[in-house]
Amino acid sequence: MERREFIAAVTASLVAGATAVPGGQAAPGAQATPPAPPPRKGRIKQGVTRGVFGRGAVLDDACREAARLGIKGFDLIGPPDWPTLKKYGLVPSMYPGGPGGSIPVALNRKENHEKLSGLLHPAIDEAAANAVPNIICFSGNRNGMADAEGADNCVTFLNAIKSHAEDKQVTICMEYLNSKVNHKDYMFDHIAWGVDVMKRVNSPRVKILYDIYHAQIMDGDIVRNIREHFQWIGHFHTGGNPGRHEIDDTQELNYRFVMQAIAELGYTGFVSHEYSPSQGNDPIATLEKAIAICDA
């Protein structure tokens with residue numbers, strides 16, 4: 001979606017808030033006032049990623065709409081843009097990739113450890129100084145490596161970094177991704193592998209980023225796995241399967257039930273929406289519907 005299309009969609013979604021006079025006509029010279037979001041239960045603290053606003057969305061516009069709809073966090077936005085988030089009262093809820101490696105090249109290879117340690121230590125300090133609660137990290141791809149060896153290497157790295165994260169109260173979140181559709185050869189592609197790593201590191205500041213879309217593709221059994229492994233999970237992402245589009249009745253997951261289960265566990269972190277609106281759908285209307293579905 002181009003910038004002009006995004007702005008047009010936002011304008012359309014706000015027109016209902018225009019000041020009106022009898023007969024339903026807007027008062028001359030009146031400015032459109034964004035309608036307040038409906039009352040929410042609020043047990044789930046919801047966040048967003050940039051993609052939910054469509055291609056080409058302007059960050060300032062996205063933040064304004066997110067705040068209006070009651071969103072609390074914005075994932076995967078880097079330090080240069082934190083002031084924009086904070087202007088709208090949004091938490092930079094997940095430090096983006098880089099310090100914790102990339103999807104294919106990350107913690108499972110010892111030859112990456114020195115470089116990543118040099119990046120992650122200052123990122124932890126920067127996150128702590130700016131009230132950023134989480135930093136994303138990745139396992140890396142297999143590239144012929146056995147899963148057990150990769151797990152050992154990840155444990156070694158995370159054990160070396162965890163005391164710094166604990167001291168600064170910043171959580172390192174390793175993302176669970178699918179290797180069937182989107183990220184071929186990614187090592188942390190089953191929940192059991194990640195839980196094994198987390199148990200061996202055993203830190204309140206090293207957790208799993210449980211991406212529900214990816215988990216559905218690889219393991220399914222979403223609610224059972226969340227309940228059984230909840231203590232090792234630090235953050236959630238949403239996305240509809242198939243296609244990583246809307247989380248409504250166009251896909252196979254019952255997100256209302258999933259969110260109720262998460263809320264009942266007493267989860268206090270962020271659940272951030274990470275989907276791409278289907279072509280032709282209004283991003284703001286789609287997001288508002290997703291928020292309502294996840295308002296457990």
Side-chain angles (χ1 to χ4, degrees), residues 41-47 49 73 75 93-94 103 133-134 136-139 142 147-148 150-151 154-155 158 171-275 289-296:
K41 298 174 186 175
R43 290 199 298 167
I44 296 292
K45 187 165 58 176
Q46 298 188 50
T49 54
D75 278 15
S93 39
M94 179 68 70
I103 290 171
N134 304 296
I136 197 170
C137 75
F138 303 96
S139 67
R142 292 181 174 90
D147 285 0
C154 289
V155 169
L158 292 167
T171 303
I172 310 301
C173 295
M174 180 179 284
E175 188 162 20
Y176 168 21
L177 301 171
N178 85 77
S179 60
K180 181 178 179 181
V181 178
N182 302 105
H183 303 291
K184 303 292 185 181
D185 201 42
Y186 186 71
M187 185 169 280
F188 180 15
D189 59 352
H190 287 285
I191 189 63
W193 185 95
V195 168
D196 171 63
V197 170
M198 296 301 125
K199 285 181 175 178
R200 288 197 277 159
V201 176
N202 194 28
S203 169
R205 292 296 170 179
V206 178
K207 300 283 188 177
I208 291 168
L209 195 175
Y210 191 95
D211 189 301
I212 297 167
Y213 160 77
H214 292 291
Q216 173 68 0
I217 291 172
M218 297 305 298
D219 290 315
D221 209 9
I222 297 298
V223 168
R224 188 193 310 273
N225 277 323
I226 289 172
R227 287 172 173 164
E228 288 186 1
H229 306 304
F230 178 67
Q231 72 182 99
W232 311 113
I233 297 171
H235 198 81
F236 290 93
H237 279 168
T238 75
N241 187 53
R244 186 140 219 156
H245 295 306
E246 294 78 8
I247 62 170
D248 56 19
D249 57 7
T250 63
Q251 54 91 52
E252 67 187 6
L253 282 159
N254 181 355
Y255 265 99
R256 293 185 193 277
F257 176 63
V258 173
M259 292 302 135
Q260 287 170 4
I262 292 171
E264 288 166 2
L265 288 165
Y267 177 68
T268 59
F270 288 91
V271 173
S272 293
H273 300 294
E274 192 187 27
Y275 60 80
K289 188 173 184 179
I291 293 169
I293 288 170
C294 292
D295 186 35

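Atoms considered below: every heavy atom in the structure, side chains included; atoms not considered: hydrogens, waters and symmetry mates.
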>> For a quick test of reading the model, state the closest non-hydrogen atom pair linking A151 to R200 and the distance between them.
In response: CB-NH2, 3.4 Å
>> Quick one, D221 with I191, criterion side chain to side chain contact (heavy atoms under 4.5 Å, CB included). Give me CA distance, side-chain angles, the key distance, then yes/no.
In response: CA-CA 11 Å; D221 209 9; I191 189 63; over 6 Å; no
> Can you tell me how far the OG1 atom of T238 sits from the CD1 atom of I44, to the nearest 0.5 Å?
Replying inline: 11.5 Å
> Which pair of non-hydrogen atoms, one from P133 and one from F270, has the smallest distance, and what is that distance?
Replying inline: CG-CE1, 4.2 Å
> Looking just at side-chain N and O atoms, do H273 and Q46 make a donor-acceptor pair shorter than 3.5 Å?
Replying inline: yes
> Step by step, would you call M187 with D147 a side chain to side chain contact (heavy atoms under 4.5 Å, CB included)?
Replying inline: CA-CA 7 Å; M187 185 169 280; D147 285 0; 3.9 Å; yes
>> Between N178 and Y186, is there a side-chain donor-acceptor contact under 3.5 Å, judged purely by atom types and distance?
In response: no
> Partners of F138 by ring pair (Phe, Tyr, Trp, His ring centres under 6.0 Å), sequence neighbours excluded?
Replying inline: none
> How long is the gap from CG on D295 to CZ on R43, to the nearest 0.5 Å?
Replying inline: 9.5 Å
>> Could you report the tightest heavy-atom contact between S139 and W193, atom names first, then the distance?
In response: CB-CH2, 3.8 Å
> Once the angle between the rings of Y267 and F236 is folded into 0 to 90°, is it parallel (under 30°), tilted (30 to 60°) or perpendicular (over 60°)?
Replying inline: perpendicular
>> Applying side chain to side chain donor-acceptor pair (under 3.5 Å) to Y255 and D248, what does each step give before you reach the verdict?
In response: CA-CA 8 Å; Y255 265 99; D248 56 19; over 6 Å; no
> Considering all heavy atoms of both residues, which atom of A261 and which atom of V223 are nearest to each other, and what is their separation?
Replying inline: CB-CG1, 3.7 Å
> For the side chain to side chain contact (heavy atoms under 4.5 Å, CB included) test, which of D211, V271, I212 pairs with H237?
Replying inline: D211
>> Would you compute the distance between atom CD1 of I103 and atom NZ of K184 and round it to the nearest 0.5 angstrom?
In response: 14.0 Å
> Do N182 and Y213 pass the side chain to side chain donor-acceptor pair (under 3.5 Å) test, and can you show the C-alpha distance, the side-chain angles, and the key distance before you say yes or no?
Replying inline: CA-CA 11 Å; N182 302 105; Y213 160 77; 2.7 Å; yes
>> Donor-acceptor check, side chain of W232 to backbone of I208, threshold 3.5 angstrom: yes or no?
In response: no
> Angle class for the Y176/F188 ring planes (parallel below 30°, perpendicular above 60°, tilted otherwise)?
Replying inline: parallel
> What's the spacing between I233 CD1 and E228 CD if we round to 0.5 Å?
Replying inline: 10.5 Å
> Would M94 and H235 count as a side chain to side chain contact (heavy atoms under 4.5 Å, CB included) if you check the C-alpha gap in whole Å, the side-chain angles of each, and the deciding distance to 0.1 Å?
Replying inline: CA-CA 9 Å; M94 179 68 70; H235 198 81; 3.6 Å; yes
> Is the H183-H214 ring centre distance short of 6.0 angstrom?
Replying inline: yes
> What distance separates Q231 CD from L265 CG, expressed to the nearest 0.5 Å?
Replying inline: 11.5 Å
>> Would you say Q216 and N241 are linked by a side-chain donor-acceptor pair, where the criterion is simply a distance under 3.5 Å?
In response: no
>> Strictly distance-based, threshold 3.5 Å: is any side-chain N or O of K207 a donor or acceptor partner for the main-chain N or O of M174?
In response: no
>> Can you tell me which residue among T171, N134, I136, D75 is in a side chain to side chain contact (heavy atoms under 4.5 Å, CB included) with L209?
In response: I136
> Below 4.0 angstrom, N of the basic side chain to O of the carboxylate: do K199 and D196 qualify?
Replying inline: no
> Rounded to the nearest 0.5 Å, how far apart are CD1 of I247 and CG of L253?
Replying inline: 9.5 Å
>> Any carboxylate oxygen within less than 4.0 angstrom of a Lys/Arg side-chain nitrogen, looking at D189 and R142?
In response: yes
> Should S272 and S93 be marked as a side chain to side chain contact (heavy atoms under 4.5 Å, CB included) after you check the CA-CA gap, both sets of side-chain angles, and the distance that decides it?
Replying inline: CA-CA 9 Å; S272 293; S93 39; 4.3 Å; yes
> Any idea which heavy atoms bring L177 and M218 closest together, and the distance?
Replying inline: O-CG, 4.3 Å
